Amino acid sequence: MSRVRLSGRESGRSNASERGEDTMFKTNGREPRRMRNRTYTADAEPGDTVTVAGWVHEIRDLGGIAFLILRDTSGKIQVKFEKDEMDDDLVETGLGVHRESVISVTGEVAEEPRAPTGVEVTPESLDVIAEAEAQLPLDPSGKVDAELSTRLDNRTLDLRKDEVKAIFEIRAEVQRAVREQFRDLRATEINTPKIVATGTEGGTELFPITYFGKEAFMNQSPQLFKQLMVGSGLERVFEVGPIFRAEEHNTPRHLNEATSIDFESAFIDHTEAMDVCEAVVTAAYEAVEENCQDELEALGLEDEFEAPSGEFPRLTYEEAIQRINATGELDEQLVWGDDLPTEGEKALGEDVGEHYFITDWPSEIKPFYIKDHDDDETLSTGFDMMHPNMELVSGGQREHRFDHLVAGFEQQGLDPDAFEYYTKMFKYGMPPHAGFGLGGERLIMTMLGLENIREAVLFPRDRQRLSP
RNA sequence: GCCCGGGUGGUGUAGUGGCCCAUCAUACGACCCUGUCACGGUCGUGACGCGGGUUCAAAUCCCGCCUCGGGCGCCA
């Protein structure tokens, strides 16, 4: 039986124990003495005398002998109590703690084939650092399920479960890979304001706030700011950051605070933006496949997980509605100009069976800042990138010509003056540019087959949830 | 915003008018058990979201409220 290993650490990421001793509790000389030489359970080697610290996962008392399973971020280790041969106080303390209490145990590690991980610790001393209450609001050992709502109310305990922790390790890896891919493409990471004076499009619901007595809003997208930056000396930028939407929807795929992965570049067109989009999503999958095998295993996905290979099919809007109509899944046939209903998206996704783009949308159903085709102004350069189950990305070539931009505002019933901070920069040399916004949580959700987008956020904000 | 469906011990559930001072699992408490690994065994503690109504009788039916989930619309 193989030992529980430190998640992901052996696959290229830095490992404290490889650099020498555990540094986590050594860098600060003011840490309690007993923490300085703490050893991760996964690093406890037979013959060593170690101090391991973590949570009491389970106690199995067989009478004359008892086992305490101690869990930390690296895995679990068995602590053995032989009652006749050990100090009574030590036994009483060790076996008297409630599950999920934090303890530290110092003792010798021995090879033991009968132990779950092949090694076990015989305690010489034991400290109860933080006792947990007897009744827990959810069961971190996973023997009894908890509903999502209960889990979100008790996220700390929820993330003591390997399969939940794995989602966020993977999320971190996705964000790392995405940043690396953007950096490889010479894009500069930027951070734009989340408190703004005006919305991006005006149509979508915004969260109003008071800003020193003035009306302000939480930003629903970095769209306008990232466009302003392609005209700057940076030329090509990306941002991974929060967006806020006040829509009162109640679905497993919407959040009121979400993470948007945004990209925008000067001197590229919408087809090149699609190339970047494809590269970024593929890079995220490949990084997870390469560096997160333990996490995929914890989620039971080790066999089925597969990075997309090759190019994503690019369907025009017209082809898309024809294919949807051909599936016969919809009661009414779609006609040119219709937005794609959820049911249609699903039918098409099933038909295509992989990530794909929908291009050449009718101009009228795409936002004003998306450029129309030069040879056909009824056709937009806007594109969506779809996972078979849902929309992940929206992007396009942007309107960089001042006159056309202002006309677009007016056509959508927006007051160009309210956006003067934005439009005026189009008078001083704005290059042609394109980009996209990718829903970070939707990427994680579809990648891991999560049933609810809230599972991809530590502390989701939805229509009814404002805390924790 | 419109529509639909839920809320039963700490947690997850069974229970569609009387068989329910409510089922099962897990947790918790006590006791037994020297190799467990979802340890096992015996006993015990613990719940019908809130308010009102119908009825001889309500967890169960009705109304309001609170709360959770979902469908549609919408969605960078």
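None of the values given here were measured: they were computed from a predicted structure. Residue numbers start from 1 in every chain, and the chains themselves are labelled A, B, ... in the order their sequence lines are given, proteins ahead of strands.
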Next on the checklist: If you take the centroid of each ring, where Trp contributes its six-membered ring, are A/Trp361 and A/Phe383 closer together than 6.0 Å?
Outcome noted: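 Between A/Trp361 and A/Phe383, which both carry aromatic rings, the centre distance is not below 6.0 Å.
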Checklist entry - So, do A/Tyr285 and A/His355 have ring centers that fall under 6.0 Å from each other? => result yes
Next on the checklist: Here's a test of your reading of the structure: between A/Arg114 and A/Lys83, which maps to the more 5' nucleotide of RNA chain B?
Outcome noted: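 Nearest nucleotide further toward 5': that of A/Lys83.
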Item to check | Whichever of A/Glu58 and A/His254 has its nearest RNA chain B nucleotide further upstream toward 5' | outcome: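 This one resolves to A/Glu58.
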Nearest to the side chain of [X] - [options]?
X: A/Asp61; options: B/C33, B/G73, B/U13; answer: B/C33
X: A/Glu247; options: B/U34, B/U26, B/C74; answer: B/C74
X: A/Arg253; options: B/C72, B/C33, B/G35; answer: B/C72
X: A/Ala115; options: B/G12, B/G71, B/G35; answer: B/G35
X: A/Ile65; options: B/G70, B/C75, B/U34; answer: B/U34
X: A/Val144; options: B/A25, B/G35, B/C37; answer: B/A25

Next on the checklist: If the test is side-chain hydrogen bond (donor to acceptor under 3.5 Å, both in side chains), which one of A/Thr381, A/Asp384, A/Asp372 qualifies with A/Lys366?
Outcome noted: A/Asp384
For nucleotides [N] and [M], find the distance between their [atom1] atoms and express it as a whole number of Å.
N: B/C50; M: B/U67; atom1: C1'; value: 10 Å
N: B/U45; M: B/C31; atom1: C1'; value: 15 Å
N: B/G17; M: B/U60; atom1: C1'; value: 6 Å

Base, sugar-phosphate alone, or nothing: which one does [X] contact when heavy atoms must sit under 4.0 Å apart?
X: A/Asp339; result: sugar-phosphate
X: A/Gln78; result: base
X: A/Lys80; result: base
X: A/Arg99; result: sugar-phosphate
X: A/Glu120; result: base
X: A/Glu112; result: base
X: A/Arg398; result: nothing
X: A/Gly63; result: base
X: A/Asp262; result: nothing
X: A/Thr342; result: base
X: A/Asn250; result: base

Item to check | With sequence neighbours excluded, residues passing salt bridge (Lys or Arg N to Asp or Glu O under 4.0 Å) with A/Asp462 | outcome: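 Applying salt bridge (Lys or Arg N to Asp or Glu O under 4.0 Å) to A/Asp462 gives A/Arg454.
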Item to check | Derivation and outcome, salt bridge (charged side-chain N to carboxylate O under 4.0 Å, His left out), residues A/Arg71 and A/Glu100 | outcome: CA-CA 9 Å; A/Arg71 185 190 69 241; A/Glu100 298 303 316; 2.8 Å; yes
